[in-house]
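All values derive from a computational prediction rather than experimental measurement. Counting starts at 1 for both ligands and their atoms, following the listed order.
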Amino acid sequence: MEGAKKKGKAVVVGGSIAGLSCAHALIAAGWEVVVIEKSSGPPTGTPTGAGLGLDPLSQRLIESWLGHPNLLHNSTLPLTIDQNLVTDGENKMNWTLTRDENFNYRAAHWADLHSLLYNGLPPNIFLWGHLYLSFCVSNDKSNVRLKAKILQTSEIIEIVGELLIAADGCLSSIRRNFLPELKLRYSGYCAWRGLLDFSDDGHLEAILGLRRVYPDLGKCLYFCLGYGTHSVLYELLNNKINWIWYVNQPEPELKGNSVTMKVSSDMIKKMHEDAEKVWVPELARIMKETKEPFINVIYDCDPLEQIFWDNVVLVGDAAHPTTPHGLRSTNMTILDAAVLGKCLEKWGVENLQSALGEFQSTRLPVTSKQVLHSRKMGRIKQGLVLPDRKAFDPKMATPEECHDLQQKNMPFFGQVPSILMQTHASFDC
Ligand SMILES: Cc1cc2nc3c(=O)[nH]c(=O)nc-3n(C[C@H](O)[C@H](O)[C@H](O)COP(=O)(O)OP(=O)(O)OC[C@H]3O[C@@H](n4cnc5c(N)ncnc54)[C@H](O)[C@@H]3O)c2cc1C
Ligand SMILES: *[C@@H]1O[C@H](CO)[C@@H](O)[C@H](O)[C@H]1NC(C)=O
Ligand SMILES: *[C@@H]1O[C@H](CO)[C@@H](O)[C@H](O)[C@H]1NC(C)=O
Ligand SMILES: *[C@@H]1O[C@H](CO)[C@@H](O)[C@H](O)[C@H]1NC(C)=O
């Protein structure tokens with residue numbers, strides 16, 4: 001490393017997975033980092049979020065940031081099998097469409113991954129309880145000045161850096177400055193989500209029943225395909241079952257700046273009744289016994305044409321809102337951070353435009369394809385029409401459809417961007 005290079009300072013807006021990953025990658029690249037997050041502190045106590053899948057490359061990147069190879073491994077469960085299983089609730093039948101036993105993902109709880117990444121960073125770089133308000137780029141474009149409000153006192157502060165990283169999620173307010181017209185695209189369905197904690201004996205029978213019908217729980221990512229609907233099922237560390245059930249419906253009206261919907265007890269009751277009709281009794285029972293299930297409204301966005309403007313760059317969900325079917329959201333996010341870090345390290349703060357240009361040309365073609373592929377997977381699984389084919393019918397699944405259903409057929413699956421290989425031979429797959 002040439003010590004002569006000037007140290008850059010980046011202001012990251014958003015302290016979720018994208019923001020924390022960028023903090024790790026930029027610190028590794030020799031940058032100074034400040035992270036601004038509107039939540040009052042790191043998530044503690046009651047578990048926030050649910051499950052997410054990490055691919056092998058994301059696992060290795062996170063391990064390299066944390067410095068302890070076992071830390072991540074110890075906080076996750078394996079997902080070595082990717083299986084698509086049809087459930088015909090009406091005729092009480094089921095059959096397997098695809099089963100990939102070489103699937104090297106691991107399942108993490110959102111809050112566990114967040115705290116692993118958070119605990120590996122110096123605490124003094126975080127400004128919790130700070131709401132990002134606005135930014136302006138200096139005339140000579142050498143720096144960017146950002147305004148944030150301290151939520152507890154309403155005091156407004158200014159922070160200056162060479163680079164502003166928008167890691168503020170799929171509803172990014174920083175993105176709105178450049179793309180005021182951009183709207184998220186409703187997928188046509190919402191997801192009921194829940195996390196059953198079976199640490200206490202209260203759910204013993206339900207869990208035994210579930211393991212009987214889904215014997216590979218604990219290492220398998222189950223996609224349960226119904227008619228015009230599907231569910232996802234997998235186990236998380238510390239006695240948790242993560243389930244998601246996608247239901248086609250008109251776009252609901254959302255209140256506030258969130259894609260999570262408050263649900264009434266009537267809605268939950270109706271969901272329980274419907275589950276009895278669609279799924280095996282053992283899965284319906286898990287859904288019934290889960291406390292506080294919630295609804296995520298599923299959106300994505302047509303790929304953007306650019307993801308940086310002067311010294312402002314979008315990463316994570318801000319750069320590529322996606323449906324969850326390809327398990328991409330977090331993987332794309334972690335890769336964004338790693339590639340951004342390497343580009344900044346390679347070009348230095350003096351050549352920020354080249355660094356951001358290389359970041360964009362490395363990431364945008366990949367994330368664009370992956371978002372569109374995930375959209376297609378979702379539409380197949382939900383039995384929604386696609387421009388080039390009939391709505392999917394599990395009873396008459398074509399080889400092409402079975403191909404597209406499998407995670408491993410995601411474009412760029414298993415490919416490592418060359419900028420990561422140049423510096424880390426160990427990332428070679
Ligand atoms: C609490 C929480 C729980 C989640 N749980 C899951 C899960 O269980 N499974 C899953 O697959 N995905 C989950 N996600 C989403 C997942 O983190 C993302 O899909 C993906 O990892 C990319 O993350 P991101 O950091 O780009 O976006 P996000 O995770 O959406 O993070 C954006 C962050 O920016 C902050 N922010 C936004 N606007 C401002 C502002 N004006 N000022 C300051 N801060 C701002 C938000 O508070 C948030 O922390 C969760 C996200 C959150 C925030
Ligand atoms: C991971 O778990 C193993 C076995 O329980 C333990 O020996 C090891 O110390 C743990 N490693 C870390 C880094 O937590
Ligand atoms: C699938 O069908 C078999 C045979 O009827 C049954 O034993 C098994 O529990 C079913 N599994 C699921 C997940 O529906
Ligand atoms: C993770 O995503 C990136 C692109 O977003 C891709 O290049 C890489 O191959 C993915 N890894 C796997 C194992 O899917």
Side-chain angles (χ1 to χ4, degrees), residues 12-22 35-40 42-43 47-54 58 63 66-75 83 85-89 91-96 107-114 116-117 127-135 146-149 151 165-176 191 193 195 209-217 222 224 226 231-233 236 242 244 257-260 279-283 294 296 314-324 327-334 336-337:
V12 180
V13 174
S16 179
I17 307 297
L20 298 185
S21 302
C22 283
V35 181
I36 292 175
E37 168 59 51
K38 64 181 177 187
S39 334
S40 57
T48 315
L52 39 87
L54 292 174
S58 299
E63 280 166 2
L66 298 179
H68 292 277
N70 291 332
L71 268 179
L72 178 68
H73 199 268
N74 285 9
S75 316
Q83 181 164 354
L85 186 78
V86 179
T87 306
D88 180 337
N91 303 306
K92 306 286 168 226
M93 282 176 6
N94 68 78
W95 62 96
T96 295
H109 188 284
W110 185 88
D112 291 342
L113 179 62
H114 190 279
L116 268 183
L117 289 169
L127 297 175
W128 295 100
H130 283 57
L131 179 75
Y132 152 84
L133 295 175
S134 64
F135 72 85
L146 172 140
K147 276 202 174 98
K149 179 160 134 188
L151 289 170
I165 299 181
D168 54 348
C170 65
L171 298 167
S172 172
S173 41
I174 297 177
R175 188 181 64 215
R176 211 174 306 137
R193 302 192 60 171
L195 201 61
L210 192 72
R211 290 201 195 283
R212 214 164 30 239
V213 283
Y214 299 102
D216 291 320
L217 271 179
Y222 279 106
C224 314
S231 282
V232 183
L233 187 65
L236 295 175
N242 184 63
I244 310 167
N257 203 32
S258 165
V259 294
T260 302
W279 305 118
V280 279
E282 289 82 358
L283 176 54
F294 59 98
N296 271 161
L314 310 180
V315 297
D317 282 359
H320 36 68
T322 183
T323 56
L327 306 183
R328 303 318 303 150
S329 172
T330 300
N331 173 47
M332 291 195 293
T333 294
I334 288 164
D336 285 352

Would you check whether Ala18 has a nitrogen or oxygen atom less than 3.5 angstrom from a nitrogen or oxygen atom of ligand 1?
yes

For the 3.5 Å polar cut-off, considering only N or O atoms, please tell me whether Thr333 and ligand 1 meet it.
no

What atoms of ligand 1 come within less than 4.0 Å of a heavy atom belonging to [X]?
| X | result |
| --- | --- |
| Gly14 | 33 (C), 34 (O), 35 (C) |
| Ile17 | 17 (O), 21 (O), 25 (O) |
| Tyr132 | 40 (C), 41 (N), 42 (N), 43 (C) |
| His130 | 42 (N), 43 (C) |

Return a yes/no value: protein heavy atom under 4.0 Å from atom 11 (N) of ligand 2?
yes

Heavy atom of protein inside 4.0 Å of atom 7 (O) of ligand 3, strictly below
no

Distance-only criterion, 3.5 Å: show the donor-acceptor pairs between side-chain atoms of residues 68-75 and protein atoms not counting sequence neighbours.
{"residue": "His73", "atom": "NE2", "partner": "Arg106", "partner atom": "NH1", "Å": "3.2"}
{"residue": "Ser75", "atom": "OG", "partner": "Leu71", "partner atom": "O", "Å": "3.0"}

Rounded distance [0.5 Å steps], NE2 in His320 versus CE in Met332:
5.0 Å

First locate atom OH of Tyr222, then atom OG1 of Thr87, and finally report the distance between them rounded to the nearest 0.5 Å.
11.0 Å

Verdict with supporting geometry, Cys170 and Val259, side-chain contact (heavy atoms from CB on, under 4.5 Å):
CA-CA 9 Å; Cys170 65; Val259 294; 4.2 Å; yes

Identify, for [atom], the protein heavy atom at the shortest distance, and state residue, atom and that distance.
| atom | value |
| --- | --- |
| atom 4 (C) of ligand 2 | Asn74 ND2, 4.6 Å |
| atom 5 (O) of ligand 3 | Asn94 ND2, 4.6 Å |
| atom 9 (O) of ligand 3 | Val213 CG1, 2.9 Å |

Counting heavy atoms under 4.0 Å, the part of Leu85 that contacts ligand 3 is side chain

Could you establish whether Arg193 and ligand 1 come within less than 4.0 Å of each other, counting only heavy atoms on the residue side?
yes

Does some non-hydrogen atom of Pro324 fall short of 4.0 Å from ligand 1?
no

I'd like the name of whichever of Leu131, Asp317, Leu171 reaches closest to atom 19 (O) of ligand 1 through any heavy atom.
Asp317

